[in-house]
Amino acid sequence: MEKYDVVVIGSGPGGAAAAYALKDGGKRVALVEDDLWGGTCPNQGCDPKKMLVSGMEVVERNNQMLGRGFSLIESIDWPELMAFKRSYTDPFPRSFKKGVEAYGIDAIEGSARFVGDNRIEAGDAVIEADAFVIATGQRPSILGIEGSEHLLTSTDFLDMDELPKRMAFLGAGYIAFELAAIANAAGSEVTIVHHNDRPLKGFDSDLVDSLVEAYEDRGISFAFDVDIEAIAEDERGYLLRGRGSGDREYVERFDCVVGATGRIPNVEALDLENAHVNYDGHGITVDGFLQTSNPAVYACGDVVAKKAPKLTPTASFEGAYLARRILGSAAEPLAYPPIVSIVYGSPKLAQVGVSPAEAAERDGSYKLDEMDLTNWFTYRRIGEPVSKVKLVHEGDRLVGASALSSQADALINHLAILIDNAIVHEDFNRMILGSPTLASDLPSLV
């Protein structure tokens with residue numbers, strides 16, 4: 001039986017951040033992985049998605065310049081774009097594992113399960129440790145309908161050899177919006193089907209409405225207030241059946257249907273009961289120090305039941321904190337900075353800090369500014385069709401921001417830095433910024 005100072009279960013961004021920092025701190029560390037080394041993000045999540053988004057961005061940027069020296073791009077060579085994606089994802093797991101081993105961390109392949117408070121089985125090995133970090137992440141949930149075996153997941157979409165002509169996406173969260181935009185840019189006819197009329201419920205409703213309108217302008221269809229009941233395969237594709245408002249029947253045929261109705265934590269195989277670790281349907285329960293009901297077991301990343309957004313940067317932040325906590329250099333509970341959330345759609349939707357809805361609930365405490373930037377030179381020069389920002393101020397300080405444009409991802413990161421560092425308008429008097437850029441627009445925004 002092997003004995004370690006710390007065993008990290010799950011090699012994604014959260015687990016990897018913890019493992020490397022713990023090794024730097026002089027601990028004997030093992031990293032356990034039962035699937036792809038490096039976790040979901042670089043293999044089946046945000047990284048391959050962003051490589052496909054890069055193709056979408058080329059189409060978007062070009063088509064915004066129609067009548068200005070450019071011709072319409074109607075589709076993408078999907079097999080070539082997928083080959084580009086695979087040039088990154090195919091070698092990644094092996095390269096990642098080699099890097100772990102070269103760093104002096106023991107890389108153990110196998111499914112981990114607890115057999116005691118401080119003991120696991122992983123593959124053929126029995127392992128003890130003074131502390132464990134669970135970072136097993138989430139996986140796509142499958143809608144419980146008749147014929148659910150015909151549903152594809154986001155993982156399937158990100159590895160398609162050919163792109164179907166007619167596609168449906170079930171759900172209206174950020175995954176559905178992102179994959180739908182990619183498929184639309186690549187030439188597919190796309191429909192988003194949702195059980196109510198409020199997509200992207202975590203984002204500002206006005207900006208979401210503008211995003212839906214922009215999607216419709218690009219030819220993407222929406223079927224709101226539709227409860228899907230069944231999917232069936234026939235010789236012409238997949239027949240989707242459901243009920244809409246007023247009990248109206250919904251029947252449509254597609255070449256494929258992608259379920260994007262949420263994700264669920266990877267906890268079942270861990271046998272957490274054997275280690276007296278509490279969890280629920282949202283994930284593993286932790287305290288402010290990311291410690292579970294078992295003092296020897298911690299958890300971070302998407303497997304945790306938490307209010308903080310389940311994002312890759314959040315997981316990395318938590319993993320680094322856990323390393324400091326275990327090493328004895330973090331005495332205070334985990335405190336999150338402003339967390340940026342981005343929908344990589346067409347256009348992009350992003351937010352950070354206090355939301356417009358939260359500002360409205362505390363009348364008088366915050367000031368909300370709404371700005372249409374479409375005619376600002378930064379956006380006009382690239383033919384941007386829509387650019388909107390909502391800013392929340394507390395006194396002269398920016399405390400929240402929401403943005404919609406093709407460059408909202410870059411802009412929101414600038415705004416997050418202003419929020420976190422309490423930078424106000426007068427501070428820009430000491431700066432000379434390159435212009436015209438998103439950064440040079442900041443003094444006029446704040």
Side-chain angles (χ1 to χ4, degrees), residues 48-49 51-53 55-60 62-63 72-83 85 140-143 145-197 199-200 211-245 248-262 343-347:
K49 175 196 71 182
M51 296 187 80
L52 301 185
V53 164
M56 178 195 78
E57 290 172 330
V58 170
V59 173
E60 178 183 71
N62 178 88
N63 290 351
L72 180 69
I73 297 177
E74 295 183 340
S75 64
I76 295 170
D77 187 321
W78 185 261
E80 283 195 1
L81 182 62
M82 187 57 61
K85 189 271 306 187
S141 63
I142 304 298
L143 195 62
I145 59 172
E146 180 184 342
S148 60
E149 67 273 12
H150 300 305
L151 293 175
L152 301 183
T153 67
S154 58
T155 302
D156 299 317
F157 177 90
L158 294 173
D159 202 35
M160 282 183 169
D161 292 319
E162 298 287 343
L163 196 66
K165 181 179 178 181
R166 296 195 69 219
M167 300 185 67
F169 294 88
L170 305 186
Y174 73 94
I175 293 176
F177 267 75
E178 290 172 342
L179 302 189
I182 294 168
N184 170 257
S188 284
E189 300 174 25
V190 176
T191 299
I192 293 176
V193 184
H194 192 44
H195 69 276
N196 61 37
D197 62 355
L200 294 170
L211 178 60
V212 169
E213 183 178 342
Y215 270 46
E216 290 175 333
D217 289 343
R218 286 170 167 78
I220 296 174
S221 300
F222 290 88
F224 290 133
D225 288 319
V226 174
D227 286 313
I228 296 300
E229 299 171 340
I231 177 174
E233 183 181 16
D234 62 23
E235 67 280 358
R236 291 184 292 165
Y238 297 92
L239 198 63
L240 207 56
R241 294 185 179 275
R243 292 283 171 183
S245 59
R248 60 184 172 82
E249 187 177 28
Y250 178 85
V251 181
E252 290 290 341
R253 180 174 277 103
F254 300 94
D255 296 320
C256 87
V257 180
V258 178
T261 51
V343 179
Y344 286 96
S346 179

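- Side-chain atoms of Asn63 come within 3.5 Å of backbone atoms of Ile73 as a donor-acceptor pair (strictly under, hydrogens ignored).
- In this structure the side chain of Ser188 reaches within 4.5 angstrom of the side chain of Leu163, judged on heavy atoms.
- Applying the side-chain contact (heavy atoms from CB on, under 4.5 Å) rule to Ser245 yields the partners Asp225, Arg248; only residues at least two apart in sequence or on another chain are considered.
- Side chain of Trp78 to backbone of Pro164: no donor-acceptor contact under 3.5 angstrom is found.
- Every residue meeting the ring-ring contact (aromatic ring centres under 6.0 Å, His included) condition with His150, not counting sequence neighbours, appears here in chain and number order: Tyr238.
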Would you sort out whether Phe222 and Val212 count as a side chain to side chain contact (heavy atoms under 4.5 Å, CB included), showing the intermediate values? CA-CA 8 Å; Phe222 290 88; Val212 169; 3.7 Å; yes
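- In this structure the side chain of Thr261 never reaches within 4.5 angstrom of the side chain of His195, judged on heavy atoms.
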Show which side-chain atoms of residues 165-185 pair as donor or acceptor with protein atoms under 3.5 Å away, not counting sequence neighbours.
residue, atom, partner, partner atom, Å
Arg166, NH1, Arg253, O, 2.3
Glu178, OE1, Lys49, NZ, 3.0
Glu178, OE2, Lys49, NZ, 3.4
Glu178, OE2, Tyr344, N, 2.8
Asn184, ND2, Arg218, O, 3.0

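- Residues forming a ring-ring contact (aromatic ring centres under 6.0 Å, His included) with Tyr250 (at least two apart in sequence, or on another chain): none.
- Across every non-hydrogen atom of Glu229 and Ile145, the tightest pair is O-CB, 3.4 Å.
- Annotation: side chain to side chain donor-acceptor pair (under 3.5 Å) contacts of Thr153 (sequence neighbours excluded): Asp156.
- Residues satisfying the side chain to side chain donor-acceptor pair (under 3.5 Å) criterion with Glu252, sequence neighbours excluded, are absent altogether.
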